[in-house]
Amino acid sequence: FFFFLLERTMAFRLVASSFLRASVRAPTMMPALASRFVAHAPAGEPTFGKCVEIYFDEAAKFTNWNTSVLSDIKECDSMLSFKFTVEDVNDHTKKHIIHAYRAQHSHHRLPCKGGIRFSEMVDEDEVKALAALMTWKCSLMDVPFGGGKGGIVIDPKKFTVHQLEKITRSYTVELIKRNFIGPGIDVPAPDVGTGAREMAWIVDTFRQFKPDEVAGQGAVTGKPLEQGGISGRTEATGLGVYYGCREVLNDAAWCEKLGLTPGVAGKRIAVQGFGNVGSYSAEFFHQNKAKVTTIVEHDGYIHNPEGLDIPALKKWVAEKKSILHFPGAKTQVGNGNEGLEVECDVLVPAALEKQLTIRNAHKIKAKIIGEGANGPTTPEADAIFNERGIVVLPDLYMNAGGVIVSYFEWLKNLANVRFGRLNRRFDESRGQAIVRALDSIAPNALTAEQKASIARGASEKDLAHSGLEDSMIEALKQMRRTQTEVEAATGKKISLRVAAYVCAINKVAKVVQGRGSMMSG
């Protein structure tokens with residue numbers, strides 16, 4: 001009975017995590033599946049996992065926490081590594097061995113939160129690094145989750161939809177067996193190679209095994225609306241990128257230092273990657289009168305100094321599956337990364353890790369870099385940008401839109417009610433009463449559009465976007481305040497990235513220190 005109770009405590013999970021790390025391991029990956037970040041790292045530059053550690057260590061020097069606390073919150077709490085098999089679509093006697101991972105970096109708050117990616121380049125180093133980044137991201141943005149991340153070592157393009165469903169459900173079953181998924185334990189989300197379809201398979205599998213879990217829909221986020229998803233989640237990360245850049249561009253003092261006029265309108269934007277994050281980032285900049293001049297992909301880039309027609313480009317990509325040879329731009333085929341070096345005001349790397357390195361940092365002409373991807377800038381490149389006075393808005397801030405709106409989706413699932421359902425009509429009635437009162441005082445003073453705006457009640461998407469906007473504005477204020485305080489205390493200049501990590505480390509450390517230890521002697 002004692003162990004029955006103990007198993008349900010957080011203390012047992014923390015103790016058990018060490019055994020999981022030691023006993024649940026898949027065989028070493030074949031060389032062909034080795035991480036691209038190791039294989040293609042420029043000479044002298046660290047792996048992606050090491051980059052995250054370097055950023056943590058640099059920021060930790062500006063905190064007052066002792067080595068014991070910093071070591072505790074830096075290390076990954078639990079790392080699950082396993083394998084399973086799936087039948088070949090053409091030969092049922094042949095089976096594919098699938099390697100998979102799930103990392104829970106920090107249990108300081110539960111549940112853990114982080115995406116699941118399908119990629120042949122997934123490895124343990126990458127998963128652990130991304131999980132750590134999620135911890136700092138959630139902490140910075142005041143989202144009450146620990147960091148997590150998962151990955152399956154496959155190229156989804158090489159499998160049928162039926163096989164992908166079997167792989168996704170098998171992965172979910174393994175997580176359920178090991179108590180690595182649940183609305184109060186660990187909540188996955190989409191990432192590279194996955195989307196709402198895979199999240200629907202995951203939540204359905206979870207509900208089959210846990211039918212009595214009232215909040216079971218909250219076991220995963222990024223779901224289709226009909227499966228308990230939330231309006232506004234699809235575009236959330238790209239919208240967060242826009243909000244972050246907008247706040248800098250609307251700051252007159254900041255723009256003066258950068259040699260820019262305040263405001264988004266007319267600014268030249270270059271975006272690397274035209275997937276979910278890049279395409280929505282470009283779309284929101286375009287809607288707000290910026291000139292999206294350049295879109296970069298791995299096989300080339302397109303450029304129009306007068307600005308690209310982003311809605312037309314999205315239609316072109318949907319049909320052609322490529323940005324190249326878009327009629328409204330000049331196409332440069334070949335090394336797409338050369339497009340990162342074009343003249344622009346804002347550069348948004350929204351593709352893969354380690355795209356801005358010591359090799360090209362001196363060639364970047366942007367004045368603001370908004371990191372839409374995870375880890376696009378290496379520490380060496382980051383130092384060069386800081387020396388050159390380029391403002392780098394770091395990934396743990398800039399691409400937090402996805403986890404922020406995922407948090408709202410999770411809350412929706414816990415409550416089992418759509419946002420706005422209880423108050424939207426009441427708000428509309430109150431707005432209509434205000435319109436009538438104004439009309440009685442000053443007839444015809446308001447246009448029909450103004451009346452509709454006053455009377456309109458907020459939809460779920462409106463509320464999600466509003467919460468995201470508030471989160472991005474407040475987090476940037478925290479970063480700048482921390483930057484000012486650290487510089488005043490030490491006499492040293494620090495970057496926004498360091499300030500962001502200092503904020504995040506302080507918040508996590510306070511929780512860890514404040515909760516004490518059940519197992520302490």
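Side-chain atoms are counted along with the backbone in the values below, which use heavy atoms only and exclude waters and symmetry mates.
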Would you say the side-chain atoms of Thr294 pair up with the backbone N or O of Ala270, donor to acceptor, closer than 3.5 Å?
no
Derivation and outcome, salt bridge (Lys or Arg N to Asp or Glu O under 4.0 Å), residues Lys158 and Glu120:
CA-CA 11 Å; Lys158 296 180 180 178; Glu120 287 185 326; 3.0 Å; yes
When you compare the side chains of Glu283 and Gln287, does any donor N or O come within less than 3.5 Å of an acceptor on the partner?
yes
Could you report the tightest heavy-atom contact between Val296 and Asn337, atom names first, then the distance?
CG1-N, 4.2 Å
Could you verify whether a donor N or O on one side chain and an acceptor N or O on the other, from Glu124 and Ser81, lie under 3.5 Å apart?
no
Indicate yes or no for a side-chain donor-acceptor contact from Thr293 to the backbone of Pro305 under 3.5 Å, with no hydrogens or angles considered.
no
Side chains of Asn360 and Glu338: donor-acceptor distance under 3.5 Å anywhere?
no
Starting at OH of Tyr171, measure out to CG of Leu164 and round the result to the nearest 0.5 Å.
14.5 Å
For Asp309 and Lys314: C-alpha separation, side-chain torsions, deciding distance, then whether salt bridge (Lys or Arg N to Asp or Glu O under 4.0 Å) applies.
CA-CA 9 Å; Asp309 184 340; Lys314 293 185 80 169; over 6 Å; no
Tell me whether Asp470 contacts the main-chain N or O of Ser466 through its side chain, where contact means a donor paired with an acceptor under 3.5 Å.
no
So, the side chain of Gln227 versus the backbone of Pro224: is there a donor-acceptor pair under 3.5 Å, distance only?
no
I need the minimum non-hydrogen distance between Thr135 and His108, along with the two atoms involved.
CG2-CE1, 4.2 Å
Given the ring of Tyr55, does Lys50 sit roughly above its face, with NZ or CZ under 6.0 Å from the centre of the six-membered ring and within 45° of the axis?
no
For Lys492, which residues count as a side chain to side chain contact (heavy atoms under 4.5 Å, CB included) partner, sequence neighbours excluded?
Phe62, Thr490
If the threshold is 4.0 Å, N to carboxylate O, is there a salt bridge linking Arg117 and Glu353?
yes
Show, in sequence, the C-alpha distance, side-chain angles and deciding distance for Glu371 and Leu393, and conclude whether the side-chain contact (heavy atoms from CB on, under 4.5 Å) test is met.
CA-CA 6 Å; Glu371 295 184 339; Leu393 296 168; over 6 Å; no
Exam field: side chain Lys267 to backbone Ala290, donor-acceptor pair closer than 3.5 Å
no
So does Glu409 pair up with Lys412, basic N to acidic O under 4.0 Å?
no
Lys223 and Asn413 side chains, donor-acceptor separation under 3.5 Å
yes
Flag the pair Glu460 and Arg424 as a salt bridge only when some basic side-chain nitrogen lies within less than 4.0 angstrom of an acidic carboxylate oxygen.
no
Please check if atom CD in Gln450 has more than 12 non-hydrogen atoms from other residues, nucleotides or ligands closer than 6.0 Å.
yes
Within the 4.5 Å heavy-atom criterion, are Leu313 and Val317 side-chain neighbours or not?
yes
Is it true that a side-chain atom of Glu198 and a backbone atom of Gly195 form a donor plus acceptor pair closer than 3.5 Å?
yes
Might you point out which heavy atoms bring Met199 and Thr221 nearest each other, and give the distance in Å?
CG-O, 3.4 Å
State the CD1-CD1 distance between Ile310 and Ile295, to the nearest 0.5 angstrom.
4.5 Å
Any donor and acceptor pair, going by atom type alone, linking the side chain of Arg388 with main-chain N or O of Ile364 inside 3.5 Å?
yes
Salt bridge check, Asp142 against Lys507: does any charged N sit closer than 4.0 Å to a carboxylate O?
yes
Any Phe385 side-chain heavy atom under 4.5 Å of Leu356 side chain:
yes
Does a side-chain N-to-carboxylate-O contact under 4.0 Å join Lys149 and Glu126?
no
Measure from the side-chain N and O atoms of Glu487 to the backbone N and O of Ile494, and report whether any donor-acceptor pair falls under 3.5 Å.
yes
Does some side-chain heavy atom of Val153 sit less than 4.5 Å from a side-chain heavy atom of Phe118?
no
Do Tyr242 and Phe285 have ring centroids that are under 6.0 Å from one another?
yes
Could you point out which residue of Lys137, Gln478, Met472 forms a side-chain contact (heavy atoms from CB on, under 4.5 Å) with Tyr397?
Met472
Answer with yes or no whether the side chains of His105 and Glu75 bring together a donor and an acceptor at under 3.5 Å.
no
Scanning both residues in full, the closest heavy-atom pair of Trp136 with Ile73 reads CH2-O, 3.5 Å
Is atom NZ of Lys365 surrounded by more than 12 heavy atoms (other residues, nucleotides or ligands) closer than 6.0 Å?
yes
Are Leu352 and His298 side-chain neighbours, meaning at least one heavy-atom pair lies under 4.5 Å?
no
May I ask you to check whether Asn399 and Asn374 show a side-chain donor-acceptor distance below 3.5 Å?
yes
Mind checking whether His465 and Phe284 have parallel, tilted or perpendicular rings, split at 30° and 60°?
perpendicular
Under 4.5 Å between any side-chain heavy atoms of Val348 and Val346, yes or no?
yes
Both conditions, 6.0 Å and 45 degrees, for the charged tip of Lys257 above the ring of Trp254: are they met here?
no
Charged N-O contact under 4.0 Å between Glu469 and Arg246:
yes
Non-hydrogen atoms of Trp65 and Ala509 that approach each other most closely:
CE2-CB, 3.4 Å
The test is side-chain hydrogen bond (donor to acceptor under 3.5 Å, both in side chains); show your working for Asn276 and Glu235 and say whether it passes.
CA-CA 7 Å; Asn276 175 278; Glu235 68 274 18; over 6 Å; no
For the residue pair Ile358 and Ile384, establish whether any side-chain heavy-atom pair is separated by less than 4.5 Å.
yes
Considering all heavy atoms, the nearest Asn250-Gly263 contact
OD1-CA, 3.6 Å
Separation of Thr63 OG1 from Tyr501 OH (nearest 0.5 Å):
14.0 Å
Taking the side chain as everything from C-beta on, heavy atoms only, tell me whether Thr377 gets closer than 4.5 Å to Gln355.
no
Side chain Asn386, main chain Ser495, donor-acceptor under 3.5 Å:
no
Atom CD of residue position Glu226 - does it have more than 12 heavy atoms of other residues, nucleotides or ligands inside 6.0 Å?
yes
Side chains of Gln104 and Asp186: closer than 4.5 Å at any heavy-atom pair?
yes
Examine the side chains of Asp462 and Ser459 and answer whether a donor and an acceptor come within less than 3.5 Å of each other.
yes
What orientation do Phe145 and Trp410 show, parallel under 30°, tilted 30 to 60°, or perpendicular over 60°?
perpendicular
For Arg233 and Ser406, test the side chains for any donor-to-acceptor distance below 3.5 angstrom and give the result as yes or no.
yes
Under 3.5 Å donor-acceptor, Asp395 side chain and Gly375 backbone:
yes
